[in-house]
**Q** 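Take this structure first; my questions come after.
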Protein chains: 2
Amino acid sequence: MQAVRIVSHEGAGRLEVSEVARPTARADRVRVRVRAAGLNRADVLQKRGRYPAPPGAPADIPGLEFAGEVDQVGEEGSMWRFGQRVFGITAGGAQAEYVVVPESHLAEIPQGLSFEEAAAVPEVFITAHDALFTQAGLRTGESVLIHAVGSGVGTAAAQLARAAGAGAVYGTARTKEKVERAKEFGMDKGFVVADDPRAFALAVNGWTKGEGVNVVLDLVGSSYLEANLEALALHGRLLLVGTLGGSSAPLSFRHVMGKRLQVIGTVLRARSVEEKSAAVRRFAAEVVPLFARGLVRTVIDRTFDLKDVAAAYDHLESNETFGKVVLRVLGAGR
Amino acid sequence: MQAVRIVSHEGAGRLEVSEVARPTARADRVRVRVRAAGLNRADVLQKRGRYPAPPGAPADIPGLEFAGEVDQVGEEGSMWRFGQRVFGITAGGAQAEYVVVPESHLAEIPQGLSFEEAAAVPEVFITAHDALFTQAGLRTGESVLIHAVGSGVGTAAAQLARAAGAGAVYGTARTKEKVERAKEFGMDKGFVVADDPRAFALAVNGWTKGEGVNVVLDLVGSSYLEANLEALALHGRLLLVGTLGGSSAPLSFRHVMGKRLQVIGTVLRARSVEEKSAAVRRFAAEVVPLFARGLVRTVIDRTFDLKDVAAAYDHLESNETFGKVVLRVLGAGR
């Protein structure tokens, strides 16, 4: 089969599409004929050698999410049959014509979603849903601040918060254009972050009349930590979902103890098979129906053919994307 | 009535016992005839002018916990009758002959506990129970690391963790004597912390064969943050219950995200009446029966008469105490 491969090249990584052996599904595994695969920032880090694949995942084939058709079911498989349209997550290897995953890491694609649209869904919607609801326990009427609101996870989180009756959805981005576009996806008010992150805490203070927000979803990381703690209300929860740079930042004990805050770290990729199964089940039960009802939708910035994978990665790395970048894998379509 | 009062004295604070008006209980408040009152580190901070009483609490009478008898019930009171032996918490004013508190902030003293023993219980057992179980969700078989294990909260936490079936109870203290004595209160293994906090993380690593602990209860604060994060297992929870100095410390995003940790700040005193009521109800239901069954016990370092309050504070500030310092308020006893 054809697969994207990371070729080590003087310390950095280079991508090529090459022929590799097609994997076989055994036990409770399922082989999916991939029709489209989403790109994620973790793929870029893996290409650069800064995010090695966890044990069990292909070391040199990137790709954490996919949409396609069930192609072969292992002898213990019981959930899926040949030809079903499915999307799901994997710890690696999705940017290829075939991928093998545990059957519990798949969900059925709702009607009305193309393979390309579906491939843009699992990673960001599972991450956002797990962070906002399973971990932060966001409740109706509560307010949420979403950083990098124009990213894949950001647009997913804004839509999910809106669909779940959040009291207010605030967002930040690096450009005015992204902030404006995010309003189409459930964001009430947005702020363009320049050099000083403290400025967004002041904006939140104004929007919430000094109360602060109940939940912050942070995809940026260390440079935002202090301002995030400032922006939170009593009993607020800060979800650390990503970090674009910097491995540590000062934690203010006055904020954390005085407001009784929770700082919660989360990643999806490194979780055990069982934990991912639980997250996928909640996604299938609580998020997929929102697509069917039109309450949330895919946000695709651009789609590339598999052969143009290098250009696709370059485009994602430009930081000028809004929503997701997707790879088309042969005859994709309905 | 007689009450301890903080008298401002050239920037610092001085304590004196003086005559003040006896308060009256209205609405759902209850006046308690105080027989004994516990000392807490917050009292010392308040005396130094570094921890002002929250709104509604007496500004100059310290004291967060007490044991005594119901003396007068407000017109909306329904839970208590004259003469009942009760202990409870307040945001201030307990180091006096009478204190007025919401009826829901009281619990009945179990048989076999003297007023002095009972006065040493509420603040530290409610704090430890709320932190370990309500907030950290400690489960049977899980391991816990308790800093300042010889303190009032530390000895309470070690006993509660043991009584609740913790898999292992580890502790740290500043002296070998405290570590040895803590073994009488449920601690399995202890470590004497000298200058470098990293050393306790190494000890935990050895004790847990590299797995780390599930919960850390930290009464020390900023200087322990990095080592606490190192000592935690996957999905570990760090409870920040106190800070002896330093208002911030670097937070390692690698640890927090990589191990999916939770950092949770908590204080008892600043909580709303409703939140305190909930904590006291859980204390009455889940902790008081453990005293009755002999599974946990009061740890009193020393008792002082009310008139010797200055000496009592000096003794607590010496940091040489093990367990609680208690003030006797007139004819205390069974």
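In what follows, chains are A, B, ... by sequence order, proteins preceding strands, each numbered from 1.
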**Q** With rounding to the nearest 0.5 Å, note down the distance linking CD1 in B:I264 to CD1 in A:I264.
**A**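 It comes to 7.0 Å.
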**Q** To the nearest 0.5 Å, what is the distance between OG on A:S247 and CE on B:M257?
**A**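 Nearest 0.5 Å value for the OG-CE distance: 12.0 Å.
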**Q** Show the numbers, then the answer: is there a side chain to side chain contact (heavy atoms under 4.5 Å, CB included) between B:F253 and A:S222?
**A** CA-CA 7 Å; B:F253 280 60; A:S222 55; 3.9 Å; yes
**Q** Who wins among A:G258, A:G265, A:S252, A:P250 for the most heavy-atom pairs under 4.5 Å with chain B?
**A**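 Between A:G258, A:G265, A:S252, A:P250, the count favours A:G265.
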**Q** If you tally heavy-atom pairs under 4.5 Å against chain A, which of B:V263, B:V256, B:T266 wins?
**A**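 Of the options given, most contacts go to B:V263.
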**Q** Is the CZ atom of B:R281 crowded by more than 12 outside heavy atoms at less than 6.0 Å?
**A**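 For B:R281, atom CZ is crowded (more than 12 foreign heavy atoms under 6.0 Å).
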**Q** Return the OG to CD distance between B:S248 and A:E226, rounded to the nearest 0.5 Å.
**A**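 It comes to 7.5 Å.
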**Q** Any residues in residues 231-241 of chain B near chain A, with a heavy-atom distance under 4.5 Å, and which are they?
**A**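 Heavy-atom contacts from residues 231-241 of chain B to chain A are B:H235, B:L240, B:V241.
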**Q** Report the C-alpha separation of A:R260 and B:R271 in whole Å, then their side-chain angles, then the decisive distance to 0.1 Å, and conclude whether the side chain to side chain contact (heavy atoms under 4.5 Å, CB included) test is met.
**A** CA-CA 9 Å; A:R260 288 171 273 153; B:R271 294 189 192 180; 3.0 Å; yes
**Q** Does atom CD of A:E275 have more than 12 heavy-atom neighbours, drawn from other residues, nucleotides or ligands, at distances under 6.0 Å?
**A**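 Atom CD in A:E275 is crowded, with more than 12 foreign heavy atoms closer than 6.0 Å.
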**Q** What pairs with A:R282 under salt bridge (charged side-chain N to carboxylate O under 4.0 Å, His left out), at least two apart in sequence or on another chain?
**A**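 So A:R282 forms a salt bridge (charged side-chain N to carboxylate O under 4.0 Å, His left out) with A:D130.
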